[in-house]
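All values derive from a computational prediction rather than experimental measurement. Every chain is numbered from 1 and lettered A, B, ... according to where its sequence line falls, protein lines coming before strand lines.
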There are 2 protein chains.
Amino acid sequence: MNPETLSALGEPNRFRIVELLRTGPRSVNDIRGRLGLRQSQVSQHLTVLKAVGLVEAEPHAQQRLYKLRAQPVKQLHKWIDRYRCIWEERFEQMDELVEEMTRKEKSDAAGRK
Amino acid sequence: MNPETLSALGEPNRFRIVELLRTGPRSVNDIRGRLGLRQSQVSQHLTVLKAVGLVEAEPHAQQRLYKLRAQPVKQLHKWIDRYRCIWEERFEQMDELVEEMTRKEKSDAAGRK
DNA sequence: TACGAATATTCGTTGACACGAATATTCGTG
DNA sequence: CACGAATATTCGTGTCAACGAATATTCGTA
């Protein structure tokens with residue numbers, strides 16, 4: 001995973017665009033109307049999203065249909081999946097480390113006496 | 001899901017910190033050494049990460065052990081999971097929309113004759 | 001080819017933020 | 001309580017990105 005993708009999604013309006021595109025492909029003007037943004041804003045954000053590979057465009061006459069790309073979404077899922085050990089609430093590591101520190105403190109104190 | 005979490009993760013050094021914390025809790029100085037950052041930078045980034053709820057600190061004497069919090073990671077997983085329909089490569093929606101547009105074009109052309 | 005619709009791009013401005021240096025705070029210990 | 005270690009916070013600086021307005025481009029059609 002690269003932080004660029006996350007950074008792109010971190011911008012509120014881009015996030016909204018992505019959320020909208022989840023429900024299906026949309027034209028620029030469609031997005032503009034639904035999200036209440038200026039046309040240039042939508043195009044600019046879509047350019048950023050396209051640059052990081054999150055979306056792609058399909059031309060239809062003057063319109064461009066934007067849709068999400070599978071790969072980065074899949075990658076994001078794979079990345080966050082590596083954090084299972086966290087969200088499944090395993091605190092053994094923490095406990096171990098705390099224990100270790102406590103032992104060290106005690107031995108330090110003992111050694112210093 | 002809120003974009004704030006993603007924005008926090010979008011900063012490269014914060015991303016590295018989170019990746020490091022995935023392997024277990026760390027002290028500020030530990031993070032500093034492993035990632036080659038200045039102390040103030042580490043503290044500042046940890047402050048941001050704490051503000052959005054991604055990490056929490058546990059004091060041990062002068063040290064603070066930072067560790068990831070389960071909730072936001074879980075939330076992130078839940079959010080990205082709603083995009084299954086994307087990464088499982090379903091293009092029916094797209095095809096439908098394209099068809100619809102094609103039909104419209106044809107009827108337009110027919111109506112105009 | 002001229003025109004309009006849809007979209008892209010440029011440009012100047014403004015606010016946010018990452019960084020480093022310096023200083024402040026917390027906390028255990030002599 | 002003075003001191004040092006670990007961490008937090010403040011402050012000034014420079015950079016970058018979002019925004020709006022304006023302009024440019026693309027493409028179908030008369």
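Summarising the geometry, the separation between NE2 on His60(A) and C1' on dC27(D) is reported as 14 Å, rounded to the nearest angstrom. Residue Leu35(A) contributes atom CG, which lies 16 Å from atom C1' of dC19(D) at whole-angstrom precision. Straight-line distance from the NE2 atom of His45(B) to the C1' atom of dG20(C): 12 Å, rounded to whole Å. Regarding Arg38(A), its CZ atom lies at a distance of 13 Å from the C1' atom of dA18(D), rounded to whole Å.
Checked against side-chain hydrogen bond (donor to acceptor under 3.5 Å, both in side chains), Arg38(B) has no partners two or more places apart in sequence or in another chain. In this structure, the side chain to side chain contact (heavy atoms under 4.5 Å, CB included) partners of Lys50(B), at least two apart in sequence or on a different chain, are Val55(B), Tyr66(B). Qualifying side-chain hydrogen bond (donor to acceptor under 3.5 Å, both in side chains) partners for Gln39(B), counting only residues two or more places apart in sequence or in other chains: Ser43(B). Every residue two or more places apart in sequence or in another chain that forms a side-chain hydrogen bond (donor to acceptor under 3.5 Å, both in side chains) with Arg82(A) is listed here: Glu19(B).
Residue pairs meeting the ring-ring contact (aromatic ring centres under 6.0 Å, His included) criterion with at least one member in residues 16-42 of chain A: none, sequence neighbours excluded. Identified under the salt bridge (Lys or Arg N to Asp or Glu O under 4.0 Å) test for residues 27-37 of chain B, with sequence neighbours left out: Arg26(B)-Asp30(B), Asp30(B)-Arg34(B). Evaluation of the ring-ring contact (aromatic ring centres under 6.0 Å, His included) test over residues 13-58 of chain B, restricted to residues two or more places apart or in two chains, returns Trp79(A)-Phe15(B).
With axes fitted over five pairs at each extremity, the angle between the ends of the helix from dT1(C)-dA30(D) to dG30(C)-dC1(D) is 10° (10° resolution).
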Going by atom type alone, with no hydrogens or angles, which donor-acceptor pairs under 3.5 Å involve a side-chain atom of residues 68-76 of chain A and a protein atom two or more places apart or on another chain?
| from | atom 1 | to | atom 2 | distance (Å) |
| --- | --- | --- | --- | --- |
| Arg69(A) | NE | Gly53(A) | O | 2.8 |
| Arg69(A) | NH2 | Gln71(A) | OE1 | 3.1 |

Which donor-acceptor pairs under 3.5 Å do side chains of residues 5-13 of chain A form with protein atoms, sequence neighbours excluded?
| from | atom 1 | to | atom 2 | distance (Å) |
| --- | --- | --- | --- | --- |
| Thr5(A) | OG1 | Asn2(A) | OD1 | 2.8 |
| Glu11(A) | OE1 | Asn13(A) | N | 2.8 |
| Glu11(A) | OE1 | Arg14(A) | N | 3.0 |
| Asn13(A) | OD1 | Arg16(A) | NH1 | 3.2 |
| Asn13(A) | ND2 | Gln41(A) | OE1 | 3.3 |

Practice task
Tell me, with the steps shown, if Glu58(A) and Arg64(A) meet side-chain contact (heavy atoms from CB on, under 4.5 Å).
Solution key: CA-CA 5 Å; Glu58(A) 195 155 331; Arg64(A) 315 288 148 96; over 6 Å; no
Scan nucleotides 7-9 of chain C against the protein and return all N/O pairs shorter than 3.5 Å with their distances rounded to 0.1 Å.
| from | atom 1 | to | atom 2 | distance (Å) |
| --- | --- | --- | --- | --- |
| dT7(C) | OP1 | Val28(A) | N | 3.2 |
| dT7(C) | OP2 | Asn29(A) | N | 2.9 |
| dA8(C) | OP1 | Tyr66(A) | OH | 2.3 |
| dA8(C) | OP2 | Ser43(A) | OG | 2.6 |
| dA8(C) | N7 | Gln39(A) | NE2 | 2.7 |
| dA8(C) | N6 | Gln39(A) | OE1 | 3.2 |

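Heavy-atom distances under 4.0 Å link DNA chain C to Glu11(B), Asn13(B), Arg14(B) of residues 1-15 of chain B, given in residue order.
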